[in-house]
Every structure is written in C-alpha cells, then in structure tokens.
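Below is one structure, written out as structure tokens; comments come after it.
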Amino acid sequence: MPDAPERTTSTDEPRFRYTPALAQQIELRWQDLWEERGTFHAANPQGRLTGPGGSPAQGDPYFIMDMFPYPSGAGLHVGHPLGYIATDVTGRFRRMCGDNVLHALGYDAFGLPAEQYAVQTGQHPRVTTEANILNMRRQLRRLGLGHDPRRTFATIDPEYVRWTQWIFLQIFDSWYDADAERPGPAAGKGRARPIAELREELAAGTRPVPGHDGDNTGGAVWAGLSELERRDVIDGQRLAYVDSSPVNWCPGLGTVLANEEVTADGRSERGNFPVFQRNLRQWKMRITAYADRLADDLDLIDWPDKVKSMQRNWIGRSVGANVRFDVVGTADQDPAGAAGTLEVFTTRPDTLFGATFMVVAPEHPLLDEVPAAWPDGTRSAWTGGYETPAEAVAAYRREASAKTAVERQADAGKKTGVFTGHLAVNPVNGEQIPVFTADYVLMGYGTGAIMAVPGGDERDHAFAEAYDLPVVYTVEPEGGLPEGHTGAYAGEGVAVRSANDEISLNGLGVAEAKAAIIGWLESKNIGEGTTTYRLNDWLFSRQRYWGEPFPVVWDEDDRPVAIPDAMLPVDLPDVPDYAPRTFDPDDATSEPEAPLGRNDEWVNVTLDLGDGPRTYRRDTNTMPNWAGSCWYYLRYLDPAETTAPALAGLEQYWLGPRHNATSGPAGGVDLYVGGVEHAVLHLLYARFWHKVLLDLGHVTSLEPFGKLFNQGYIQAYAYTDSRGQYVPAAEVEGDEQSGYTWQGQPVNREYGKMGKSLKNVVTPDEMYEQYGADTFRVYEMSMGPLDLSRPWNTRDVVGSQRFLQRLWRNVVDEETG
RNA sequence: GCCGGGUUGGCGGAACAGGCAGACGCGGCGCUCUCAAAAAGCGCUGCCCGCGAGGGCGUGUGGGUUCAAGUCCCACACCCGGCACCA
C-alpha cells in the first residue's frame with residue numbers, strides 16, 4: 001500500500017481516491033520494483049539468462065512478440081502502443097498460467113526515415129537514432145510493459161550488424177539444389193546447400209556445369225574452364241548474387257527498390273516518387289527458389305486468411321506448360337528454314353489447337369530482328385500504316401516504353417499492338433500464324449510471349465476482334481456453345497476440334513486434355529509441363545547510407561569475395577556526406593550513386609583474405625531496412641550470444657514445434673502481433689531467410705512465426721479551417737449536431753491517421769500525466785476488438801478512469817486507505 | 001473482375017455453442033454534494049405511440065429453416081481492405 005499522496009490541490013477529494021496522481025505513484029513504484037526484481041526475466045533452458053532471482057526455466061515456453069518499432073524522430077502517439085499493450089496483457093496472462101513467457105522489444109533502427117530525419121536535422125543518423133531510441137524506451141517503460149529488459153537490442157548495434165552480415169554471407173555462400181532431399185520436418189525436394197559442395201560436385205563431375213553444354217563426366221567440362229569462368233559459374237548459382245537486369249530505379253529517393261516496395265501505379269511506397277525500369281547491376285536474393293515452399297507452408301501456420309492470400313497472390317504460382325513454336329523465315333530471308341523458336345508459357349496447353357496468333361511483349365528479344373518486308377497476306381490493319389515491320393515494331397516499342405504504369409493500367413482492356421512480320425508454326429496443325437507485339441503481354445512474366453487463343457481467353461479475344469483475327473473454339477460446355485455465342489469461352493467443358501494425326505484431345509475434360517497434350521509435347525521435345533511465378537528475385541541493394549554495409553569486397557577481376565566471418569562486422573564508415581544523392585524524381589536517365597563510395601580510403605582496401613595482402617574495392621551498397629527485421633526474433637533468445645545468431649538449443653526450446661502447440665506444426669513464435677502492412681514485405685522476406693537458415697542447419701523450426709495477429713489502427717479526427725489548413729484538434733469545440741468550431745470559426749472534420757501535419761497527435765505522455773498508464777491501457781483495450789480500426793476520443797478516456805476508481809473503491813476505503 | 005472482411009442505438013462497441021438484443025464506455029437527461037463551478041457519486045437513456053399502465057416496431061434489404069435467428073441457409077445491396085491485361 002503506497003503512502004497517500006500529498007494533496008496538491010485545494011479540493012476536498014478523499015485522501016485515498018484513485019486519482020491520476022495516485023495512479024502515477026503506484027505505477028512508478030511497481031515499474032521500479034519489476035526492474036529491480038527482474039520480474040519479467042524469461043529463463044532460457046541453458047546459459048546466463050535465468051528467470052527472476054536466478055530461477056531456472058519452468059513451464060511451457062511461450063514466445064510472444066510485437067513487430068518491432070522504428071524509432072522515428074516524432075516520438076510515439078497513442079496509436080503505437082496498442083499492439084504492445086495487447087501482447088503485454090496476453091503475456092502476463094500466460095505467465096500467470098504458469099508458462100515461461102519470453103517477451104522483449106528491440107528497435108528496427110536502420111532505414112530511410114531515420115536517415116531522412118538525420119539529414120533534415122543535420123546530425124549523424126547514429127546520433128539521432130540513438131536519441132530516438134532512448135526517448136522511445138522512456139515512453140514505453142512508463143507504459144509498464146512486462147518485457148525482459150536484458151533481451152533488448154537495436155539493429156544498428158555493431159554486434160547485431162555482425163550477425164546480419166553473417167547471415168548474408170551464409171546466403172551468399174549457398175546455392176539451391178532443387179533435387180536434394182530436405183531432411184526432417186521440412187521433407188520434400190529442394191534445399192539450400194553450401195557453395196563449397198557445388199564446387200566439389202562440379203569438379204568431381206557428378207553434376208553438369210550450369211550454362212555449359214557438354215558431358216561433365218569426371219569433371220571434364222569443369223576442368224576445361226578457367227578459374228574465372230569457374231567463379232562465374234559458381235557466382236551465377238549463389239542465393240545472393242549480383243546481376244544486371246531491369247530493376248526499379250527511384251531517382252527521387254536516389255536508390256533502387258524491391259518490387260515489394262513499388263506500388264501498383266509504379267511509385268515508391270515511401271515518398272511516392274516515380275519508379276523507372278532500368279538495367280542496373282545490383283544484388284539480388286534468389287527468393288524464387290523458395291516460391292513453392294513459401295506458398296505451400298502457409299498451410300502450416302495460423303495466420304489471417306487475408307495475409308495468407310496476399311502472400312499467395314504475390315507469389316502467384318501458375319501451373320501450365322511451356323510450348324516452343326518455330327518461327328519461320330519470310331520470303332526475303334530464308335523461306336525454308338526456321339528463323340528460331342518462340343517459347344510461350346500457358347496455363348491452358350489443352351487449347352493449343354485454338355491458338356490462331358502469337359503475341360510477344362514489346363521488350364521481347366524476338367523483336368530485335370524482324371523480317372525486312374511484310375509477308376504475303378499481311379492485312380493493312382495489322383501494320384499500323386508502316387512500310388516495313390522494322391518501322392512498325394520500332395514505333396510500337398517507343399510508344400510502349402513511353403507509357404507509364406498508370407497509363408498502362410488505365411488502358412487495360414483496350415488492345416493495341418502491331419504485326420511483327422514474323423510467322424510462327426502451330427506445332428499441332430502446322431498452320432502459320434502471325435506474331436504480334438502488344439503491351440498486354442508483359443516481359444516480366446512467364447516467357448514474355450503467349451500463344452493467343454481467342455476462343456478461350458477474353459484478352460486474346462478482344463485483341464482478335466480489334467485486329468480481325470480468326471477465333472476457334474476448342475472447348476465447349478455440355479450441350480455445346482449457345483447459338484450466336486460471342487466472346488471467349490473459358491469455362492469447363494470438353495475439347496473439340498483438337499486432333500491431328502498423332503493425338504486427339506476431343507472429348508476430354510480440361511484437366512485430362514492438359515495432361516494429354518503435355519505428354520505429347522514432351523514426347524516431341526517441343527514443350528513440357530512447368531510452373532511459373534509472379535514473384536521475382538528480391539532486389540537487395542540500396543544506394544543509401546543508413547544500412548548494413550555488404551560484407552563483400554571486389555577483387556581486381558571484379559568478382560565478389562566474401563569477408564571472412566572473423567573480420568565481421570564491416571562497420572559503416574564515416575563519410576564526409578551521408579546524404580543520399582537524389583535526383584529530379586522524373587529524371588529516368590540519372591544514375592544511382594552510393595554515399596559509401598565517397599570515401600576512397602574506405603573503399604580501396606588491402607586485405608589478407610588467405611592468399612596474402614591484395615587490394616580490393618569494397619562494395620558500396622547497403623542492405624535494405626528489411627535485413628535487420630528478417631531475423632530479429634532469433635536474437636531475442638540471447639542478444640549477447642557471440643558464437644551464432646542464436647544457439648541451436650535455445651532456438652529449439654523457444655521456436656521448435658512442440659507440446660503446447662500454440663505455434664502449430666511448423667514451430668515459430670507463438671504469437672506475433674503487428675500491422676497488416678507488412679503482409680508481403682517483412683513477413684515474406686523473414687520466412688525466406690528462415691527457410692535458408694533451416695536448410696543450412698541453423699534452425700529447426702519450419703517457419704519463423706507460427707501464429708500471426710493483425711491489430712487494427714487507432715485513427716483520429718482532424719479538422720481544417722476554411723482555407724483547408726489543419727487546426728489543433730485538441731482545441732476544437734462542438735459536436736456533430738451543432739458543428740465544430742476552432743477559435744469561433746467553423747471547421748471541417750475529417751477522419752484518418754494521427755499525424756503531426758494533421759495536428760491531431762495525442763501522445764502517451766499526455767495520457768500518463770492526465771490519467772495514468774493503467775487508465776490509458778484499459779481505455780485502449782476496451783475501445784473495441786483489437787483487429788479493428790477505431791477512432792481515438794480523448795474525452796472517452798475518463799470512462800476507463802472511473803472504471804478503475806470503482807474497482808479501487810471496492811478494495812480501498814477512500815477516506816482511510 | 002477476382003480474393004478477404006464487414007453492415008447492431010446519437011457514437012465506440014457487447015451478445016462465447018441458435019435461447020431475455022443493445023453488456024461496458026462516451027454522449028444526453030435528471031438528481032446528490034457545493035455559495036457556485038469542477039471533480040466525484042446515484043438514477044434514467046434503442047425507436048415510435050401513450051399523462052400513465054401499457055402497446056407496437058427493431059440487428060443493411062428480401063426470402064427461408066426453427067418452438068426460438070444479430071447468430072444457420074438462399075439471394076441481393078452497400079461499405080472497407082488487397083490484387084488485377086499474370087497468359
């Protein structure tokens with residue numbers, strides 16, 4: 001029982017009433033005691049981290065976690081702690097039930113906003129970030145969260161960076177063996193293996209050399225390669241690799257971005273700047289190798305369906321077939337010979353007999369060379385009015401490349417295109433069909449080329465209608481297509497008009513027909529069943545300062561060399577100017593320039609990496625913000641561990657599939673609470689890293705997060721005056737009926753986020769001061785279900801205050817104490 | 001268009017397994033305390049009719065199942081979120 005507070009006002013309030021002042025006194029006292037006693041220390045089954053008073057681990061392990069915060073300069077508003085309060089309540093409940101609860105909070109401290117804040121304030125990002133973390137710690141401690149304070153860390157801590165870089169090197173030093181059996185619970189085919197094993201197998205000749213024809217028996221092909229060629233083969237197989245392909249270049253941010261960071265209308269998620277496709281040499285991670293496992297293992301985890309479906313959508317698995325069409329030479333070239341082949345991907349190989357033309361993306365390499373003249377039978381509508389295919393194709397390519405993502409979306413449905421002059425041979429019936437280029441076919445998906453079946457696909461049908469191309473229906477529903485049917489028929493049915501001398505699909509259902517035609521294509525070696533994904537490899541390098549440097553140097557042959565583990569971490573150097581080099585947001589021709597490149601002494605180093613001192617160039621990129629958050633859950637197990645990101649025994653105890661089964665058959669964190677905005681970013685990347693670590697034997701759980709819960713957002717009202725300027729929401733008076741006013745003038749109410757610029761921020765500090773942390777916590781938990789978004793109303797908080805007062809009165813006499 | 005989630009008083013929301021709809025909180029009204037106000041406490045508060053007793057209506061809309069439906073089934077409308085020319 002605390003002493004009665006000094007009376008600070010002249011009221012006649014009872015001495016022992018539960019007032020904000022008394023609440024604060026109680027809260028601070030207990031917060032100090034919890035810290036002193038280590039009340040919320042979670043006990044590891046081994047090692048230095050024991051429970052309160054040195055107690056050993058007892059009860060079922062229960063690992064509960066929040067998506068860790070980004071220490072922004074603005075400090076917290078009342079929306080931020082919502083999830084932390086919820087996990088605290090759950091964690092305390094489980095602890096009371098006898099579980100060994102692990103609950104801690106670290107800080108995700110690299111990244112663009114921290115860097116931008118530092119640039120604005122003219123201070124080094126480390127200075128501002130550390131100050132922000134301190135402020136956030138203070139605000140959160142006052143909330144009274146039952147966290148284990150020994151387990152906190154920030155992603156910018158050099159010891160944390162060491163292990164982030166170490167994991168990067170594990171990925172860099174791995175390749176994906178699609179045929180290898182996975183051991184243990186991950187059973188199936190395909191896993192990451194150390195790159196050294198690839199080299200051994202190539203040298204021994206037990207594996208063909210990728211990208212090189214020829215029989216590698218006894219390592220014959222391998223032996224014929226120079227050391228540089230060998231390194232190129234190896235580097236081409238790594239799970240972290242550098243290559244030059246179209247990437248998202250964002251001049252406004254001065255960096256390239258991952259697909260997941262670009263919105264559907266072609267802008268950066270952060271800053272909303274235009275993003276351009278450019279061929280640039282960048283680091284990527286081979287997440288596509290894990291596409292199937294990332295999709296399939298969603299069945300093993302307890303996540304909201306919404307998030308699962310977003311991930312499935314993003315991965316975008318389609319099962320179908322690749323089919324190769326011969327492209328014939330035209331009259332002026334070589335009328336007899338084939339000019340090449342055109343490979344397409346289709347999910348409906350059963351409709352091959354209905355393919356009456358082909359379409360390739362404007363960027364397709366087939367268009368680099370086109371026939372000199374229009375072939376016989378070319379219709380004027382196909383040529384775009386040009387004299388030659390070359391002119392027509394060039395004009396269309398120009399047009400297409402000038403289109404922005406927004407324009408392209410707006411035009412979706414309207415079909416434009418032009419005949420390329422090429423003719424392809426439909427392998428099932430020998431018919432020569434025209435090859436068009438059109439922007440409704442995307443280079444980034446499948447093979448960038450399709451067989452068009454206007455009888456079975458609405459887009460192809462629209463194109464066929466616009467360019468007067470023949471329509472053949474090869475699938476009909478039971479009872480046939482209705483009289484006068486127009487448009488494509490994409491439904492179930494049986495194959496018709498689908499037979500040649502060797503194979504007949506007629507009468508088969510869609511699934512059987514697919515299987516039959518794939519068998520035939522494979523027997524003729526002109527196609528095979530295959531699976532295509534929408535997911536692309538993860539673009540992993542950024543041209544910014546405030547991130548983890550790549551633990552890689554480049555040798556005199558311009559090949560990447562890993563920094564040995566013993567030399568980690570590679571610290572961020574001091575550079576004269578850490579500001580990113582940004583550009584006119586619309587200037588697509590600008591070139592990225594990494595701030596780390598501004599320090600020649602750092603960039604050019606002499607190192608002894610095992611074969612004597614040599615000079616190298618450091619990699620000047622930094623990792624994306626996601627790197628640190630890809631594995632932080634592992635670091636809570638013991639942030640001071642010096643031999644591994646996390647000890648195997650601890651990982652098994654806290655994350656392994658287990659007994660109380662709260663985390664499900666895949667293991668992972670028992671409860672992970674955070675916003676839905678990371679559905680295809682952090683949550684996909686972290687799953688990918690975890691599976692690589694699993695393959696390499698560093699973890700035993702199949703998934704990092706067994707159960708996920710998305711909390712809603714606390715929203716708020718904001719008010720604008722007649723000029724549209726925001727006015728301080730706290731000073732607005734009135735209600736819905738009588739209208740709202742600020743300083744006597746009427747204002748407009750809007751509903752949305754809480755934010756500085758909207759002048760409607762309410763801070764936890766104000767709540768501690770006016771009501772106490774417990775009232776604040778009760779209010780947030782009683783506003784409504786956690787997964788819903790709802791409005792903050794400061795005046796409603798008093799209800800929770802009265803509730804606690806009533807509770808208090810039931811236990812304590814307000815007059816006597 | 002496809003996928004996911006919703007729709008209950010003036011407002012946020014509750015109703016767990018089909019069993020008294022509207023818990024709890026805000027707001028509103030009345031009262032107590034006070035010279036007064038604030039704070040706090042007590043009572044009332046879904047809508048309509050009625051002085052009242054009381055009556056009627058009521059969970060987006062229309063149907064259905066059931067002794068009984070916010071809850072189950074069918075159809076529709078609207079709102080929010082995600083994806084979208086992905087072959």
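Proteins come first, then strands; the chains are lettered A, B, ... in the order of their sequence lines, and each starts at number 1.
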Pairwise [atom1] distance, [M] and [N] [rounded to whole Å]:
| N | M | atom1 | result |
| --- | --- | --- | --- |
| B:G64 | B:G55 | C1' | 29 Å |
| B:C24 | B:U45 | P | 11 Å |
| B:G9 | B:G5 | C1' | 24 Å |
| B:C16 | B:G70 | P | 12 Å |
| B:C80 | B:C74 | C1' | 25 Å |
| B:C2 | B:G19 | C1' | 39 Å |
| B:G46 | B:A15 | C1' | 15 Å |
| B:C11 | B:G60 | P | 14 Å |

Out of [options], which has the shortest distance to the side chain of [X]?
| X | options | value |
| --- | --- | --- |
| A:Pro785 | B:C85, B:C26, B:G13 | B:G13 |
| A:Arg795 | B:A87, B:G41, B:C26 | B:C26 |
| A:Arg790 | B:A87, B:G13, B:A40 | B:G13 |
| A:Ile450 | B:G27, B:A87, B:A40 | B:A87 |

Distance in angstrom units between [X] [atom1] and [N] [atom2], rounded:
| X | N | atom1 | atom2 | result |
| --- | --- | --- | --- | --- |
| A:Gln805 | B:C42 | CD | P | 11 Å |
| A:Leu788 | B:A14 | CG | C1' | 13 Å |
| A:Phe436 | B:C85 | CZ | P | 22 Å |
| A:Leu684 | B:G82 | CG | P | 18 Å |
| A:Arg348 | B:A87 | CZ | P | 12 Å |
| A:Gln715 | B:G13 | CD | P | 11 Å |
| A:Leu82 | B:G12 | CG | P | 17 Å |
| A:Asp457 | B:G1 | CG | P | 18 Å |

Please compare A:Gln801 and A:Ser309 by the position of their nearest nucleotide in RNA chain B and report the one closer to 5'. A:Ser309
Closest nucleotide of RNA chain B for A:Lys306 versus for A:Thr447: which of these residues is on the 5' side? A:Lys306
Pair A:Lys308-A:Asp302, salt bridge (Lys or Arg N to Asp or Glu O under 4.0 Å): steps then yes or no: CA-CA 9 Å; A:Lys308 286 189 183 183; A:Asp302 183 6; over 6 Å; no
With a 3.5 Å distance limit and no angle check, can you tell me whether A:Asp537 reaches the backbone of A:Ile287 through a side-chain donor-acceptor pair?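 A pair under 3.5 Å: yes.
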Determine yes or no for a side-chain-to-main-chain donor-acceptor pair under 3.5 angstrom, with A:His364 supplying the side chain and A:Ala361 the backbone. no
Would you say [N] has OP1 or OP2 under 4.0 Å from some side-chain N or O of [X]?
| X | N | answer |
| --- | --- | --- |
| A:Ser318 | B:A87 | yes |
| A:Arg534 | B:A84 | yes |
| A:Arg809 | B:G41 | yes |

So A:Asp439, base contact, sugar-phosphate only, or nothing? Heavy-atom distance under 4.0 Å. base
Have a look at A:Glu458 and say if it touches a base, only the backbone sugar-phosphate, or nothing, with a 4.0 Å heavy-atom cut-off.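 Here A:Glu458 touches no strand at all.
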Going by purine N1 to pyrimidine N3 plus the second Watson-Crick contact, or the G-U wobble pair, all under 3.5 Å, which nucleotide sits opposite [N]?
| N | answer |
| --- | --- |
| B:C72 | B:G64 |
| B:U7 | B:A77 |
| B:A84 | none |
| B:G46 | B:C57 |
| B:G41 | B:C31 |

Measure from NZ or CZ of [X] to the centre of the six-membered ring of [Y] and say whether it is under 6.0 Å with the direction within 45° of the ring axis.
| X | Y | result |
| --- | --- | --- |
| A:Arg17 | A:Trp808 | no |
| A:Arg687 | A:Trp314 | no |
| A:Arg749 | A:Tyr719 | no |

So, A:Tyr740 and A:Asn748: side-chain donor and acceptor under 3.5 Å apart, yes or no? no
Evaluate salt bridge (Lys or Arg N to Asp or Glu O under 4.0 Å) for A:Asp299 paired with A:Arg312, printing each intermediate quantity in order. CA-CA 11 Å; A:Asp299 292 335; A:Arg312 281 205 188 91; 3.0 Å; yes
Under-3.5 Å N/O pairs linking protein and nucleotides 22-25 of chain B:
from	atom 1	to	atom 2	distance (Å)
B:G25	OP1	A:Arg806	NH2	2.5

With syn meaning chi within 90° of zero and anything else anti, the base of B:G9 is syn
In this structure, is the centre-to-centre distance between the rings of A:Tyr779 and A:Trp792 below 6.0 Å?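 Yes: the rings meet the under 6.0 Å criterion.
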Got a donor-acceptor pair under 3.5 Å from the side chain of A:Lys414 to the base of B:C85? no
In terms of the angle between their ring planes, are A:Phe463 and A:Tyr440 parallel, tilted or perpendicular, with boundaries placed at 30° and 60°? tilted
